[in-house]
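Just so you know, residue 1 is the first one in the sequence shown, and it goes up from there.
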Amino acid sequence: MPDKTEGESAAPHDPYAALRFRDFRFLLLSNFLGTIGGQMADVAIGWHVYTLTHSAFALGLVGLVEILPVILFALPAGHLSDQYSRKKIVLVARSCNAVCSVGLAFLSFFNGPIYLLYTLILCIGIARSFFGPASSTLVAQVVPPSVFTNAVNWRSNIWQLAAAIGPALGGFVIAVSKSVTPAYMLDVLFSIIYVCMIASIRSSQPVRPREPLSLESLGAGIRFMRSSPLLLSAITLDLFAVLLGGAAAMLPVFAKDILHVGPTGFGWLRAAPSIGATVMAFIIAHRRPSKHAGKTLLWAVAGFGVATIVFGLSKSFLLSLAMLFSLGALDSVSVVIRSALLLVTAPDAMRGRVSAVNSIFVGASNELGAFESGTVAAWLGVVPSVVLGGIGTIIVVIASALIWPQLRNLKEIRPSEEEETPVSDNIE
């Protein structure tokens with residue numbers, strides 16, 4: 001890559017602006033490998049639980065067990081990430097996640113009881129509740145504000161690519177080995193690599209006076225979110241849309257009982273949304289920033305609802321793959337816009353706590369969405385659960401457009417001012 005002097009701004013529409021920073025490339029690669037391992041473990045957990053229980057409700061319960069720690073610990077985790085080294089928090093949390101994966105491997109190998117399986121899933125949720133706020137704000141320490149949006153897009157792109165590879169690889173490993181144990185152990189391996197790579201990043205974090213843990217400090221992120229209607233509206237839209245349209249949690253049922261494609265097909269079903277998101281993120285990176293970001297977000301989430309409905313009604317494996325591909329592509333638009341808004345809107349001193357509030361929203365939408373889907377599926381059936389969720393998503397989009405006019409009027413997302421965020425000398 002061409003040499004550039006420190007602090008020099010990238011060209012306004014350079015699609016590779018963030019990639020010109022050495023530490024950002026390290027961060028992307030570590031996230032890529034870590035996400036592959038994490039996605040393999042998630043596939044293994046889903047298959048493990050459904051094989052033991054044959055229950056859609058048990059699958060939904062996995063989501064509830066994972067979200068409870070986020071609700072309980074996200075705000076303290078956000079406080080810590082603003083007061084202490086985000087890099088060290090990330091390293092400790094990921095190491096704890098690896099230890100839990102070792103435990104899951106032992107449970108699967110020795111046919112351990114289901115309650116211990118849920119206990120380890122709970123521990124993984126605790127580790128992720130601290131990992132999320134620190135990890136999502138680490139990018140601001142390795143690139144300047146002028147390339148935040150580009151960095152968010154590439155981070156989303158590489159995450160989705162890994163999330164496409166991970167489930168497919170996990171399903172293949174389970175199918176070949178006839179066991180989920182190797183998938184868990186591969187997650188441990190990738191976690192070790194992740195920790196080593198993050199440790200090599202030369203990120204810098206501003207030194208600030210320590211703020212004692214208090215109700216006022218914990219609530220700072222919530223107060224900031226309430227004072228920013230635009231950010232609040234975008235995150236609320238995502239929360240309710242994904243909460244209602246959470247078809248992903250039911251994929252083991254679709255793969256095994258409706259489409260009859262087995263663990264390999266399940267892996268591809270899990271991978272399809274991420275493949276779609278990767279393609280969309282690559283397209284976004286090579287286009288100029290949207291001049292109508294708000295309307296784009298609303299149409300994308302509405303399309304997400306339509307694709308959810310079609311997926312729920314599909315009896316064709318190829319059509320189901322196409323709809324999941326579309327779900328991922330449309331969700332990628334939402335992720336990029338929402339993440340860019342968060343980085344641009346929140347000052348660095350508040351990013352950990354604001355990100356913690358965001359993680360509660362995101363975690364609630366994904367994990368509670370899984371619990372909601374499992375509960376409704378146990379009551380009405382899997383197909384009605386998914387179809388009704390898609391309809392609910394469309395209703396949420398209409399309501400959001402009416403309640404928050406500033407969201408539909410949102411134009412291009414840009415930093416309001418160049419903030420003094422230290423970035424290590426890593427442009428190469």
Write down the atom of [X], the atom of [Y], and the distance for their closest heavy-atom approach.
X: V383; Y: G312; result: CG1-O, 3.2 Å
X: S95; Y: V195; result: OG-CG2, 3.8 Å
X: L107; Y: P113; result: CD2-CD, 4.4 Å
X: V180; Y: S108; result: CG2-CB, 3.5 Å
X: V387; Y: I309; result: O-CG1, 3.8 Å
X: G38; Y: R128; result: O-NH2, 4.4 Å

Checking the side chain of [X] only, and the main-chain atoms of [Y] only, is there a donor and an acceptor separated by less than 3.5 Å?
X: K87; Y: L138; result: no
X: R25; Y: L19; result: yes
X: S200; Y: M197; result: yes

Just verifying a value: how many Å separate [X] [atom1] and [Y] [atom2], rounded to the nearest 0.5 Å?
X: D331; Y: M280; atom1: CG; atom2: CE; value: 11.0 Å
X: I275; Y: L324; atom1: CD1; atom2: CG; value: 10.0 Å
X: T35; Y: D42; atom1: OG1; atom2: CG; value: 10.0 Å
X: L68; Y: L72; atom1: CG; atom2: CG; value: 6.5 Å
X: T119; Y: I114; atom1: OG1; atom2: CD1; value: 10.0 Å
X: S30; Y: D23; atom1: OG; atom2: CG; value: 10.0 Å

Original post:
Can you list the steps and then say if T296 with V333 is a side chain to side chain contact (heavy atoms under 4.5 Å, CB included)?
Top reply: CA-CA 8 Å; T296 300; V333 176; 3.7 Å; yes

Original post:
Regarding R22 and the six-membered ring of F24, is the cationic atom NZ or CZ under 6.0 Å from the ring centre and inside 45° of its axis?
Top reply: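 Because its charged atom misses either the 6.0 Å distance or the 45° angle limit, R22 does not stack over F24.
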
**OP:** Please indicate whether F172 has more than 12 foreign heavy atoms, meaning atoms of other residues, nucleotides or ligands, lying under 6.0 Å from its CZ.
**Re:**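 Incorrect, the count does not exceed 12.
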
**OP:** May I ask you to check whether over 12 heavy atoms, not counting those of W404, lie within 6.0 Å of atom CH2?
**Re:** yes

Is the shortest side-chain heavy-atom distance between [X] and [Y] below 4.5 Å?
X: W159; Y: N31; result: no
X: S179; Y: I174; result: no
X: L259; Y: S320; result: yes
X: I36; Y: F190; result: yes
X: T308; Y: L327; result: yes
X: M40; Y: Y184; result: no
X: V386; Y: L313; result: no
X: I198; Y: L27; result: yes

Original post:
Considering the options F311, Y50, F317, which one meets the ring pair (Phe, Tyr, Trp, His ring centres under 6.0 Å) requirement together with F254?
Top reply: F311

Original post:
Do S314 and S316 have side-chain atoms, one donor and one acceptor, less than 3.5 Å apart?
Top reply: no

Subject >> Result of checking T53, V49, V65 against L117 for side-chain contact (heavy atoms from CB on, under 4.5 Å) >> reply: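 One option only clears the test, and that one is V49.
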
Contacts under 3.5 angstrom, residues 98-106 side chains, donor-acceptor by atom type, not counting sequence neighbours:
| from | atom 1 | to | atom 2 | distance (Å) |
| --- | --- | --- | --- | --- |
| S101 | OG | N97 | O | 3.4 |
| S101 | OG | D187 | OD2 | 2.4 |

**OP:** Could you check F304 against I394 for side chain to side chain contact (heavy atoms under 4.5 Å, CB included), going step by step and ending with a plain yes or no?
**Re:** CA-CA 8 Å; F304 184 93; I394 297 173; over 6 Å; no

**OP:** I would like to know whether T181 and F109 meet side chain to side chain contact (heavy atoms under 4.5 Å, CB included); could you show each step before the answer?
**Re:** CA-CA 6 Å; T181 304; F109 187 80; 3.9 Å; yes

Original post:
Is any NZ, NE, NH1 or NH2 atom of the basic residue among D257 and K315 found under 4.0 Å from an Asp or Glu carboxylate oxygen of the other?
Top reply: no

**OP:** Could you walk me through whether F32 and I165 pass side chain to side chain contact (heavy atoms under 4.5 Å, CB included), step by step?
**Re:** CA-CA 10 Å; F32 176 71; I165 295 172; 3.8 Å; yes

